[in-house]
Amino acid sequence: MTVILVILAAVVFDPLAPLPSVPAVAMVTLQIVHSLPRLRRLRGPWTLAAQALLFPWAGQGAPGLLAASVLLIARGPLRWVLFCAVVAAAGLMNTVDVYTCVNAMVNALTQGLVLFGVTRLNDVRIELHAARHQLAEASVAEERERASRDLESVLGSSLSAIIALAAQGRTGDILTLARRAAARARQAPPPRRSRPSTTSHPDWRSPSWWPRTWAF
């Protein structure tokens, strides 16, 4: 999350205008909604449309932000068409000379791809932590089930033998067998404890992570 915020600050900072305009602040706010996991449930076509409306007045970092948002929200081949349109629009807005036009397009291209890539990598990191936690929970459940089966086997066979000895009145053998059963039960390994989860984003715990998250 910190890396995403730093990149956003670097994208929108303009040394010629240190104080951002109102459209620039609104643009960055919408981008935070698009990029941060905790706020991403609020994003959608309407937030993307709002960014597109702010795009002409939001300053030099706006094309990169809009390009990243298109890749994050749109789906399928359409998002790459829209991405190219945003890059082209960045060049058309800076037609003073060829260098300025090409520089604006390259900036929009690189900034959009970098912000998109960092956001997706953060998604993958969160889902990897969630998958690791799920695997640990599954391992603990399996270990508990195995220990329960072992204990049930020991106690069940011993109880059957004790009932048979009781019917024969062999009290001494019953005590000996009971001691042996207790010793075997104590020798059974205890189930391992689950480690606490290191992720604080339960909404992103999806086992099918890579193809869906990084689908180009």
Side-chain angles (χ1 to χ4, degrees), residues 1-13 20 23-55 58-90 105-141 194-216:
M1 184 177 70
T2 303
V3 175
I4 295 175
L5 294 177
V6 170
I7 292 177
L8 282 175
V11 168
V12 301
F13 177 72
V25 173
M27 192 86 173
V28 173
T29 302
L30 290 171
Q31 190 62 45
I32 291 174
V33 171
H34 294 166
S35 298
L36 297 187
R38 291 182 178 273
L39 302 176
R40 207 170 303 160
R41 65 182 181 275
L42 303 175
R43 77 181 187 185
W46 294 108
T47 56
L48 182 60
Q51 270 196 328
L53 293 175
L54 293 169
F55 166 61
Q60 66 173 8
L65 298 182
L66 183 58
S69 295
V70 164
L71 294 179
L72 289 169
I73 296 177
R75 291 291 178 263
L78 175 62
R79 64 177 175 179
W80 292 106
V81 174
L82 295 176
F83 177 79
C84 293
V86 173
V87 172
M105 294 176 66
V106 171
N107 284 341
L109 176 70
T110 55
Q111 291 170 357
L113 289 177
V114 168
L115 186 54
F116 168 70
V118 170
T119 302
R120 287 307 194 194
L121 284 175
N122 187 55
D123 294 346
V124 172
R125 179 188 64 82
I126 292 172
E127 292 175 2
L128 281 175
H129 279 288
R132 185 176 63 180
H133 177 71
Q134 288 179 343
L135 289 174
E137 290 291 339
S139 177
V140 169
S194 172
R195 293 183 179 181
S197 173
T198 57
T199 177
S200 56
H201 305 283
D203 294 337
W204 291 88
R205 296 181 178 181
S206 173
S208 56
W209 48 276
W210 188 268
R212 175 180 58 80
T213 305
W214 204 275
F216 288 88

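What you see is a predicted model; the values in this text were computed from it and never measured.
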Could you report the tightest heavy-atom contact between [X] and [Y], atom names first, then the distance?
{"X": "V86", "Y": "A67", "result": "CG1-N, 3.9 Å"}
{"X": "A58", "Y": "M27", "result": "CB-CB, 4.0 Å"}
{"X": "M105", "Y": "A88", "result": "CE-CA, 4.3 Å"}

Would you call [X] and [Y] a side-chain contact if the rule is heavy atoms closer than 4.5 Å?
{"X": "R125", "Y": "H129", "result": "yes"}
{"X": "E127", "Y": "V124", "result": "no"}
{"X": "V87", "Y": "P63", "result": "no"}
{"X": "R120", "Y": "L72", "result": "yes"}

Working to the nearest 0.5 angstrom, can you tell me the gap between [X] [atom1] and [Y] [atom2]?
{"X": "L135", "Y": "R132", "atom1": "CG", "atom2": "CZ", "value": "10.0 Å"}
{"X": "L71", "Y": "T119", "atom1": "CG", "atom2": "OG1", "value": "10.0 Å"}
{"X": "H133", "Y": "L128", "atom1": "NE2", "atom2": "CG", "value": "14.5 Å"}
{"X": "F83", "Y": "S69", "atom1": "CZ", "atom2": "OG", "value": "11.5 Å"}

**Asked** Applying the side-chain contact (heavy atoms from CB on, under 4.5 Å) test to Q31, which of T47, L66, L115 qualifies?
**Response** L115
**Message:** Quick check on side-chain contact (heavy atoms from CB on, under 4.5 Å): which of L48, L30, I73 does R43 satisfy it with?
**Reply:**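 Running side-chain contact (heavy atoms from CB on, under 4.5 Å) over L48, L30, I73 with R43 returns exactly one hit, I73.
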**Request:** Report the C-alpha separation of V118 and N122 in whole Å, then their side-chain angles, then the decisive distance to 0.1 Å, and conclude whether the side-chain contact (heavy atoms from CB on, under 4.5 Å) test is met.
**Result:** CA-CA 6 Å; V118 170; N122 187 55; 5.7 Å; no
**Message:** For N107, is there any backbone N or O sitting under 3.5 Å from a side-chain donor or acceptor partner on T110?
**Reply:**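 Yes, the answer is positive, given that a donor and an acceptor are paired below the 3.5 Å cut-off.
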**Message:** For L42, give me all partners under side chain to side chain contact (heavy atoms under 4.5 Å, CB included), at least two apart in sequence or on another chain.
**Reply:** V33
